[in-house]
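Residue numbers begin at 1 in each chain, while the letters A, B, ... track the order of the sequences. All heavy atoms count here, side chains included; hydrogens, waters and symmetry mates do not.
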Amino acid sequence: MCDQTFMAATFGPCDSCGKTGPLMNIYIKNEPVNYCSFCVEVMAYRGLQKGETLETLRQESDTLKKKLEEERGKLNDVELHQVAEKIEVVGALSIKTRRVLKGHGNKVLCMDWCKDKRRLVSSSQDGKVIVWDGFTLNKENGVSLPCTWVMACAYAPSGCAVALGDGLDNKCSVIPLSLDKNENLATKKKSVAMHTNYVSGCTFTSSDMQILTSSGDGSCALWDVESGQLLQSFHGHTADVLSLDLSPSETGNTFVSGGCDKKSCVWDMRSGQNIQTFENHESDINCVKYYPSGDAFASASDDATCRLYDLRADREVAIYQKDSIIFGASSVDFSLSGRLLFAGYNDYSINVWDVLKVTRVSILFGHENRISRVCVSPDGTALCSASWDHTLRIWA
Amino acid sequence: MTIRNTLRDYGQRYRPRMACLKKAEKVLLEMQDPKTGVKSQPQRLVITTIPHAITGEDIIAWLADRFQIDTQEARKFGSMLVALGYIYPLQDHKRLVVKPDASLYRFQTPYFWPTQQWPVEDTDYAIYLAKRNIRKKGILELHEQEQYNRLHKWMNHKWDFIVMQAKEQYRAAKERKKPDRVVFDCQERAYWVVHRPPPGTVSAMDYGLDRRVDPNADEAKTHDFYERIMIFTQQSIMRPRVKSSVSIGALVKYCATYNSHDPFLSKCLPSNPWLTDDVTYWTLNMPNVEIPTKMRVERWTFSFGELLSDPRGRDDFRLFLKKEFSGENLAFWESCEDLKWGTAATMREKAEQIYKTFLARGAPRWINIDGKTMEITVNGLKHPHRYVLDAAQTHIYMLMKKDSYGRYLKSPVFKDTLKKAICPEEHKFTDAQLDQNAKNRRPSLSPIILRQQEQEQRAKMAASATVDITQLCRFTTPVPHLAVYSGITDYPSANASPSLPFLTHTPACPSPISVALDSTSASERRAETSEGEGEGNPQTRAPIGGNVSKPRMAFSLRRLLKRGCTPSTMFASLSPKCPSAAGTSSRIQPISPDQPTQAPPRRIGNFFQIKVDIPPECRIYPIESEDEEEENRAASRSGVGAKEIICPWESLTPQNGMG
């Protein structure tokens with residue numbers, strides 16, 4: 001299963017300036033052209049042409065948007081629940097809390113699993129970062145950062161480092177882990193990324209050498225860990241970006257981001273091009289997460305709904321909502337098969353949705369404050385939830 | 001109360017994560033409906049009668065009925081309304097939950113709802129505390145006392161005003177009827193419990209960091225805003241789409257395929273470690289186990305990506321490709337991945353090395369791609385970029401997916417793996433055993449240690465390998481220039497993950513290489529860094545060099561013996577048995593800092609590059625071809641650069657050509 005950008009020509013000479021580099025595939029008057037990002041910017045800034053006013057531009061863009069919706073509707077021949085009609089219902093789930101991870105002194109804001117399926121890293125509002133062995137509940141490393149609001153953390157694919165995104169100094173740094181429990185890891189901190197507002201999310205790409213960050217300044221960016229060099233930035237959101245997720249497909253050239261402009265955008269990592277955008281939510285999008293096949297993604301929003309977007313059909317295919325759920329969803333993740341969608345809510349509960357039947361199959365109680373993050377372990381055996389009640393729970 | 005300023009909209013729209021308030025209000029209005037709402041009656045509380053009081057049970061029952069939910073969820077819903085201050089408890093006023101019994105609650109007046117347009121201000125709180133202080137005759141609760149003192153200090157400049165306000169409000173309240181007064185007191189107290197919660201309690205009004213963008217600000221749109229929308233929308237309109245029935249069908253099919261592999265939906269064999277505290281499941285599914293489980297092998301058949309993403313699966317596939325003599329495809333794909341996701345510092349060198357190893361005519365591990373892709377790639381390599389090989393990589397990926405993968409699934413290699421694969425029995429633990437397991441949770445090896453072990457293992461294998469002429473035939477293609485990661489030709493079980501930047505920080509004895517580096521020429525050092533890049537640890541850098549240089553050593557040693565000349569320095573630098581050479585790559589062995597001693601292995605590297613002009617069908621090098629090699633070698637020695645592989649954008653310089 002290849003992602004959407006897989007076959008597109010994205011490297012070569014720009015049709016406008018002729019320089020060889022990553023290209024954006026755009027259309028001018030329905031003619032396909034390949035421009036480099038600089039030439040696209042130049043095009044956007046070319047200024048008002050003769051006879052154009054802001055008003056005509058606005059009208060023109062509205063007409064185009066309408067046309068896009070028509071195009072999207074053309075191939076819309078069936079709904080998800082119709083296709084899923086014949087599928088068997090999910091049996092009763094017996095998901096219980098298996099571990100409670102206590103040790104943070106303040107709201108836990110983010111967590112991430114290690115590839116070894118049992119370790120995890122969590123960060124909290126008081127600037128503390130803990131690396132746990134979730135299985136034995138042993139705290140392997142602890143780092144106290146001078147800054148509060150560590151809103152993002154990520155485990156490196158090798159399991160030898162963690163990345164931390166900071167809310168107040170706008171940086172994302174990488175800390176190599178050590179076997180020595182008492183070593184002060186904060187001294188080994190290496191600042192990699194620098195935004196102009198808070199860092200809301202970070203993740204390593206398929207190696208330890210690059211990180212991708214999202215920020216309150218409305219942009220996402222790809223950074224080289226060693227040199228701190230900005231490799232590519234992604235502009236298109238008009239408000240704070242709150243979350244991002246990397247495509248799980250092996251050809252992973254895309255990632256998805258969601259933010260306060262109620263938009264979720266799919267990006268081509270190579271050229272920085274925004275290739276798909278969905279604007280269905282009525283409020284801030286708190287979290288986005290790819291479906292395990294990489295052909296769809298789910299988003300969680302303050303409007304108390306989660307939505308599923310099919311990338312190939314290019315439209316929203318399901319809304320997960322209920323009358324009794326009025327509090328915003330803060331985080332989502334899929335089970336290994338993509339059948340279950342775990343969603344953490346601001347009403348302290350985790351709802352489990354049947355992705356295909358678009359029904360709720362279970363609700364998990366246990367936390368005493370908002371859920372900030374839910375994350376299924378790499379082998380799908382457990383779910384970890386981080387909460388503002390200072391604890392993390394592992395469910396299975 | 002006091003006059004408020006409404007300069008900034010502090011209502012729900014500004015506060016992040018507060019979009020729920022409008023919905024909560026709707027529910028609340030329904031609840032207060034005289035006919036269909038929650039039943040309320042006047043209740044005697046201590047000495048006063050409180051109008052419109054409701055019980056916790058009633059709230060829960062009403063919510064459960066209204067939303068058709070169970071009582072647990074209804075209780076949670078009710079508690080949220082209390083936590084937000086829409087309903088307040090009359091008795092245990094500091095615990096903001098709904099109790100499922102006859103305890104009493106009241107609806108908060110809309111004036112105190114959290115959606116009002118004003119901010120919760122310290123001045124108001126100070127007035128409230130001052131008023132309370134008057135009424136309670138100076139006896140406040142501890143946290144209120146602290147707040148009072150703090151505010152007194154902080155707002156000293158207007159404390160007179162605050163006290164005056166408090167007195168005035170207190171006097172006005174006294175004039176009201178008693179039930180009214182009690183109700184208002186309760187409402188006000190409830191408001192401040194929500195907005196200035198006692199320490200240690202959860203506040204539902206807490207919403208985290210302020211957002212940068214104020215949703216109420218009306219930003220002037222400039223023309224480029226619309227231009228961008230138009231560029232994007234045009235491109236979106238032209239975007240190829242798939243019929244919903246097809247694409248959604250694929251999603252459904254994916255679920256069905258993986259259903260039995262999802263631990264939340266099916267049993268995981270032998271047991272889920274989180275349920276039984278038994279880690280057998282993880283042990284059996286380690287990344288590089290010798291014998292995989294049946295389930296794991298089954299997943300490799302789902303898609304090519306699934307096979308590649310499992311290290312064990314990739315090794316199996318690599319073994320298959322080696323038998324098919326097309327291992328270079330996977331190796332090329334892997335080095336492209338390494339280039340794409342690797343560190344920026346060595347990107348340029350890596351791109352060149354990949355070109356020399358895989359793409360140039362007659363390259364040692366030459367891969368076959370079409371002319372157009374080749375042209376783009378070669379042009380792009382003038383200014384190397386992480387994505388310069390993208391087209392070529394896509395080409396090779398599709399080739400492997402469409403062609404090799406299918407044959408792999410039918411091959412004896414796969415069938416053999418499948419036959420050997422184990423199918424563990426389900427664990428049947430008794431409760432006593434489960435208790436025992438829970439007590440005996442063992443820590444696992446840290447990923448850091450695993451990483452080190454893996455590297456030591458590789459080092460050991462490299463060091464213990466003997467110089468054996470017959471080994472030559474084991475290699476489909478000799479690897480000349482492993483400055484760039486070009487796939488593992490030697491050990492199918494070794495892990496191929498190419499990145500590990502941080503181990504350099506772990507305490508390790510300094511590598512001889514780092515010492516030797518000073519005495520190496522610039523070009524050597526460059527090659528060295530790009531080699532080390534893949535494996536950041538200086539300790540492992542050497543073994544890998546040693547590992548891959550083995551065929552080289554074997555070759556040269558043989559040749560040396562044949563010619564009967566044994567220049568001692570060279571011999572030392574080539575024999576892996578020589579202690580000084582054992583740990584490090586022959587290429588950078590610091591026997592002496594002079595160029596000449598380093599030159600021979602370098603030349604041998606060149607010699608290999610030339611040698612592969614042999615048509616691809618006979619990629620195994622028979623020993624008989626030695627004579628030809630000898631000639632080539634002589635040619636390369638005499639400095640003939642005609643057959644030298646150089647990147648097309650470079651001129652033949654002594655550094656790049658001969659070293």
Quiz item: Is the number of heavy atoms from other residues, nucleotides or ligands under 6.0 Å of B:E375 CD greater than 12?
Solution: no
Quiz item: Counting distance only, does the side-chain N/O of B:Y387 pair as donor-acceptor with the main-chain N or O of A:F11 below 3.5 Å?
Solution: no
Exercise. Go through the atoms of B:K340 and report whether side chain, backbone, both or neither lie under 4.5 Å from a heavy atom of chain A.
Key: both
Self-check item: Which portion of B:L84 sits near chain A, non-hydrogen atoms under 4.5 angstrom
Solution: side chain
Quiz prompt | Atom pair SG/CG of A:C160 and B:L450 - distance to nearest 0.5 Å | solution = 9.0 Å
Quiz item: Taking atom OH of B:Y254 and atom CG of A:L356, what is their separation to the nearest 0.5 Å?
Solution: 12.5 Å
Quiz item: A:K107: what forms a salt bridge (charged side-chain N to carboxylate O under 4.0 Å, His left out) with it, not counting sequence neighbours?
Solution: B:D206
Practice problem: Decide if the gap between the ring center of A:F342 and the ring center of B:F264 is smaller than 6.0 angstrom. | Solution: yes
Quiz item: Just checking, any donor-acceptor pair under 3.5 angstrom between side chains of B:S446 and A:R119?
Solution: no
Quiz item: What part of B:S79 lies closer than 4.5 angstrom to a heavy atom of chain A: side chain, backbone, both or neither?
Solution: neither
Self-check item: Contact origin within B:W274 toward chain A - heavy atom pairs under 4.5 Å
Solution: both
Quiz prompt | Heavy-atom proximity to chain A below 4.5 Å, by part of B:D277 | solution = both
